[in-house]
Amino acid sequence: MPVLNVPSAVGPLTLVEQDGALVRLGWGDTPDDLPGGSPTPLLAEAARQLAAYFDRKLTDFDLPLGPPGSDYQKRVWQTMNEIPYGETWTYGELASRADTVPRAVGGACGANPIPVILPCHRVVAANGGAGGYSGKGGLRTKSVLLDIENRTARLL
């Protein structure tokens, strides 16, 4: 599988491609395995879009995604991907739109293999708190991502 590590405002990120789709965005935990360090066209485009996102010049990713997971998880992730840039939904709102329950949505968010691009950081608790975030750096990372999207609420 082609892999590319890229810098970001939340630390190094690892992009993984399989069968022409992005399947994973990790937290800089996988060494590059491409000969000569040349990224595939998809990984280069994903890196370009991530850089534009972190520079606040991109609000919607346009990449082929193939996150591995159960049908249930994929339904939640697809619904989560409908949360507009700069907005948040509660776990309950996401659950309602995905025709499920909030606790199960939390599990699907925590299992999201393509964070940032599939915006689990936009899902918050009903009381306005951050809820959780399973990415490296936890709630600090979630706060940075929401701040990038011009959210002013403090989550920490």
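As the structure is a prediction and not an experimental result, all values here were calculated from the model.
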Are side-chain heavy atoms of [X] and [Y] found at a separation under 4.5 Å?
X      : Y      : result
Glu82  : Trp89  : yes
Pro2   : Pro39  : no
Thr79  : Thr100 : no
Ile117 : Leu65  : yes

Compare every heavy atom of [Y] with every heavy atom of [X], then report the nearest pair and how far apart it is.
X      : Y     : value
Ala108 : Val76 : CB-CG1, 3.7 Å
Gly132 : Tyr91 : N-OH, 3.2 Å
Gly20  : Pro64 : O-CG, 3.5 Å
Leu4   : Ala44 : CD2-N, 4.5 Å
Leu15  : Ala46 : CD1-CB, 3.8 Å
Met1   : Val16 : SD-CG1, 3.8 Å

Quick check for you: to the nearest 0.5 Å, what is the distance between [X] atom [atom1] and [Y] atom [atom2]?
X      : Y      : atom1 : atom2 : value
Thr141 : Leu146 : OG1   : CG    : 11.0 Å
Glu93  : Glu87  : CD    : CD    : 9.5 Å
Ser8   : Ile148 : OG    : CD1   : 7.5 Å
Lys74  : Asp71  : NZ    : CG    : 6.5 Å
Leu118 : Asn112 : CG    : CG    : 5.0 Å
Arg24  : Thr14  : CZ    : OG1   : 6.5 Å

Inset, instruction - Indicate, with yes or no, if Met80 and Val101 share a hydrophobic cluster defined by side-chain heavy-atom contacts under 4.5 Å among Ile, Leu, Val, Met, Phe, Trp and Tyr. - result: no

Inset, instruction - Say whether Tyr85 and Leu58 are linked into one hydrophobic cluster, either directly or through other cluster members, by side-chain heavy-atom distances under 4.5 angstrom. - result: yes

Inset, instruction - Please test Leu43 against Leu22 for side-chain contact (heavy atoms from CB on, under 4.5 Å), starting from the C-alpha separation and ending with a verdict. - result: CA-CA 8 Å; Leu43 292 178; Leu22 192 63; 4.0 Å; yes

Inset, instruction - State whether Arg122 and Glu149 are salt-bridged, where the test is any N-O pair (Lys NZ or Arg NE/NH1/NH2 against Asp/Glu carboxylate O) under 4.0 Å. - result: yes

Legend entry - CZ (Arg103) with more than 12 external heavy atoms under 6.0 Å: no

Legend entry - Within 6.0 Å of CG in Asp62, more than 12 heavy atoms from elsewhere: no

Inset, instruction - Take the angle between the ring planes of Phe61 and Tyr53 and call it parallel below 30°, perpendicular above 60°, tilted in between. - result: tilted

Inset, instruction - Evaluate the criterion side-chain contact (heavy atoms from CB on, under 4.5 Å) for residue pair Leu145 and Val10; output intermediate values, then yes/no. - result: CA-CA 8 Å; Leu145 294 171; Val10 293; 4.2 Å; yes

Inset, instruction - Evaluate the side-chain contact (heavy atoms from CB on, under 4.5 Å) criterion for residues Val123 and Ile83: first the C-alpha distance (whole Å), next the side-chain angles of each, then the deciding distance (0.1 Å), finally the verdict. - result: CA-CA 9 Å; Val123 183; Ile83 304 171; 3.8 Å; yes

Inset, instruction - Apply side-chain contact (heavy atoms from CB on, under 4.5 Å) to the pair Val6 and Phe54, showing each step before the final yes or no. - result: CA-CA 12 Å; Val6 297; Phe54 285 112; over 6 Å; no

Legend entry - Result of checking Cys109, Pro119, Pro67, Cys120 against Trp77 for side chain to side chain contact (heavy atoms under 4.5 Å, CB included): Pro67

